[in-house]
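The structure appears right after this line, and notes come after that.
The shown structure was predicted, so the numbers you read here are calculated from the model rather than taken from an experiment. These numbers come from the heavy atoms of this one structure, side chains and all, not from hydrogens, waters or symmetry mates. Chain naming here is simple, since letters A, B, ... match the order of the sequence lines and numbering starts at 1 in each.
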Amino acid sequence: MRLSRYFLPVLKETPGDAQVISHQLMLRAGMIRQTAAGIYAWLPLGQRVLQKITQIVREEQDRAGAIEVLMPTIQASDLWKQSGRYDAYGPEMLRITDRHDREMLFSPTAEELFTVIFQNGARSYRDCPRNLYQIQWKFRDEVRPRFGVLRGREFLMKDAYSFDLDFAAARHSYNRMFLAYLRTFARMGVHAIPMRADTGPIGGDLSHEFIVLAPTGESDVFYHENWEKGRDTSAVDADDAAGLATWIDALNADYAATDEMRDLAAEAATGPALKQSKGIEVGQVFYFGDKYTKAMGVTVSGPDGAAVTPLMGSYGIGVSRLVGAIIEASHDKDGIIWPEAVAPYKVALINIRADDAACVAAADKLYAELTHAGVEVLYDDRDERGGAKFATADLIGLPWQLVIGPKGVAAGTVELKRRGGDKLEMTAENAFARLTA
RNA sequence: CGGAGCGUGGCGCAGUCUGGUAGCGCAUUAGACUGGGGGUCUAAGGGUCGCAGGUUCGAAUCCUGUCGCUCCGACCA
């Protein structure tokens, strides 16, 4: 993409409304604009990051055996009355009346709908286990939205719902998602720690929150220092129920809990290895058994013909929140530093002399070659000074900066640098090789 | 929802106390110079001061109401 033809409204100054760094940088980098309290328009750069995150989530859900669907954002109230949550959810649920005075709502989560959709398509024990998921906008009418996309009212969430015949199978479904979440966040370059968590209004008795450590986080968290290093999931076999359970139990032997779930005895046992921090919740997994299937009257026929009420779990990832969380965890004074997997473009190609024919030719050539090779390049071909281009590139945080200038062109070299790292001079061919490796 | 604050060109702000017909920086447009980390000069365009009502000869400024946004707290993917 040529920047001269793009829509990238960057700001030199920080808008006064933005308090936390991720919100400030998202506004300055032209990723989002606020349209109402807790509601944001996603501009091209922000939309690309959202898409990158969405795709990683999707691939890992698919890999874990979950099946993608898409539910409506607007739902009728009757299902929610059936489960009892129409009243229980309270004012956080945005209620809407249609032209016929029917009570509708903007879905804050979708246990009820998934449950009846499952029932509608499932008849026998052969239809379990199943895990259905969607990546869809949700709306929760927060009393006090804040921190940009970290606590918006409208947010993009992946929500998955598993259906199993017995507890052992349900627990395995839970563990599969647990593993999938570790893999998902690791792929994004995010270190998320699973912590024992409260189940809240979703209900149930087993839950973990996946927390990204960041000083601006809203949750107080406590964990064993072992959690500060990443975990290798490559050898774990998600289909081996016993092996997976053992592996997860071993992980969870290291203490990690949110404020509401603190276990002072366990903390004392952890001793000096106990760490305290602030964190941002980017995902949560729940097991809640037959809470919804029972309320909604869902059954399947067992092998013996008797009706079985499936047991459920639900699994959320805050996709739009992750955009903010990643920035909170990865930025410097000049701007965002995107992990490569979620960067809106891989390379900022900077021609620092748009008035120099040789530079333009060299930059155009590299742009064409890289684009042809499938590398996502944002080509700053504007007639701006070098300084302005560097500042923009640093602000939007693309992982690589490829700089074309008159000195280099004369010497037959370009400069390649990692965002925030050192410049390396090399031939255009070598730069191309590095970026396509 | 309790407490606090703020709405003035696209963005950041001053002006409000002590009413007299709107100002600064950045951005934008044009031209020239410049050209390796947000350049310089010249010129230009753009706001009726959130909205409504009131007081006054006169309101961004005072009063009343209202809408919106932000922060602290309670709450929360």
Centroid separation A:Phe210 to A:Phe178 less than 6.0 Å: yes
Nucleotide of B:G35, B:U70, B:G12 approaching A:Arg353 most closely (side-chain heavy atoms): B:G35
A:Phe288-A:Tyr292 aromatic ring centre distance below 6.0 Å: yes
Nearest-nucleotide pick for A:Arg146, side chain only, options being B:C72, B:A77, B:G36: B:C72
Listed nucleotide nearest any side-chain atom of A:Glu13, set B:U70, B:C11, B:G36: B:C11
Identity of whatever pairs with B:G73 - Watson-Crick or G-U, under 3.5 angstrom: B:C1
Under-4.0 Å salt bridge between A:Lys52 and A:Glu376: yes
Span that lies between the P atom of B:G38 and that of B:A27, in whole angstrom: 12 Å
Pair partner, B:C62 [Watson-Crick or wobble, under 3.5 Å]: B:G54
Centroid distance under 5.5 Å and plane angle under 30°, A:Phe390 vs B:G38: no
Touch class at under 4.0 angstrom, heavy-atom based, for A:Ala36 against every strand present: sugar-phosphate
Pair A:Tyr174 + A:Tyr287: ring centers closer than 6.0 Å: no
Separation of atom CZ in A:Arg385 from atom P in B:U40, rounded to whole Å: 9 Å
Touch class at under 4.0 angstrom, heavy-atom based, for A:Asp356 against every strand present: nothing
Whole-angstrom distance between B:C71 and B:C33, as gauged at atom P: 48 Å
Per A:Leu395 side chain, nearest of listed nucleotides B:G38, B:A77, B:G35: B:G38
Sugar-phosphate, base or nothing in reach of A:Pro406, heavy atoms under 4.0 Å: base
Euclidean distance, atom CD of residue A:Gln134 to atom P of B:A77 [Å, nearest integer]: 17 Å
Pair assignment for B:G45, Watson-Crick or G-U wobble, requiring both distances under 3.5 Å: none
Base-pairing mate for B:C13 - Watson-Crick or G-U, with both contacts under 3.5 Å: B:G23
Pairwise P distance, B:A22 and B:U29 [rounded to whole Å]: 27 Å
Separation between the P atoms of B:C6 and B:U61, rounded to whole Å: 15 Å
Minimum-distance nucleotide to A:Thr392 side chain [options: B:G36, B:G37, B:G38]: B:G38
Gap between atoms CG and C1', on A:Asp220 and B:A74 respectively (whole Å): 15 Å
Proximity to the side chain of A:Gln34 - top-ranked nucleotide from B:G38, B:G37, B:C69: B:C69
Presence of salt bridge, A:Arg58 and A:Glu68, under 4.0 angstrom: yes
Spacing of A:Arg419 atom CZ relative to B:G37 atom P, expressed in whole Å: 17 Å
Comparing A:Pro15 and A:Gly386 on RNA chain B - which has the more 5′ nearest nucleotide: A:Pro15
Of the listed nucleotides B:G37, B:A77, B:U70, the one nearest the side chain of A:Glu281: B:A77
Spacing of A:His23 atom NE2 relative to B:C71 atom P, expressed in whole Å: 8 Å
Sugar-phosphate only, base, or nothing, as touched by A:Gly90 at under 4.0 Å among non-hydrogen atoms: nothing
Touch class at under 4.0 angstrom, heavy-atom based, for A:Arg33 against every strand present: nothing
Distance between C1' atoms of B:C62 and B:G3 (Å, rounded): 26 Å
Sugar-phosphate only, base, or nothing, as touched by A:Lys138 at under 4.0 Å among non-hydrogen atoms: nothing
Nucleotide opposite B:U18 in a Watson-Crick or G-U pair, distances under 3.5 Å: none
5'-most by nearest nucleotide on RNA chain B - A:Arg144 or A:Gly405: A:Gly405
Candidate nucleotides B:C11, B:C75, B:A77, ranked by approach to the side chain of A:Arg140 - the nearest: B:A77
C1' gap between B:U48 and B:U40, integer Å: 34 Å
Partner of A:Met31 under side chain to side chain contact (heavy atoms under 4.5 Å, CB included), chosen from A:Val149, A:Ile396, A:Leu45: A:Leu45
Atom pair distance, as rounded to whole Å: CG in A:Asp383 and C1' in B:A30: 14 Å
Side chain to side chain donor-acceptor pair (under 3.5 Å) against A:Asp394, all qualifying residues, sequence neighbours excluded: A:Gln401
Touch class at under 4.0 angstrom, heavy-atom based, for A:Gly335 against every strand present: nothing
Given B:G37, B:A77, B:G36, the nucleotide with the shortest approach to the side chain of A:Lys417: B:G37
Whole-Å gap separating P (B:U70) and CG (A:Leu150): 14 Å
Worked check of salt bridge (Lys or Arg N to Asp or Glu O under 4.0 Å) between A:Arg85 and A:Glu111: CA-CA 10 Å; A:Arg85 285 164 105 196; A:Glu111 279 78 11; 3.2 Å; yes
Touch class at under 4.0 angstrom, heavy-atom based, for A:Glu209 against every strand present: nothing
Inter-nucleotide P distance (B:G54, B:C11), Å rounded: 30 Å
Sugar-phosphate only, base, or nothing, as touched by A:Lys158 at under 4.0 Å among non-hydrogen atoms: nothing
Side-chain donor/acceptor contact of A:Arg382 with base of B:G38 under 3.5 Å: no
Listed nucleotide nearest any side-chain atom of A:Lys12, set B:C71, B:A27, B:A74: B:A27
A:Glu340 and its salt bridge (Lys or Arg N to Asp or Glu O under 4.0 Å) partner, picked from A:Lys346, A:Arg419, A:Arg187: A:Lys346
Length of the line joining A:Asp17:CG and B:U70:P, which is rounded to integer Å: 6 Å
Atom P, compared across B:C63 and B:C26: separation rounded to whole Å: 35 Å
Opposite nucleotide pairing with B:A32, Watson-Crick or G-U, both atom distances under 3.5 Å: B:U40
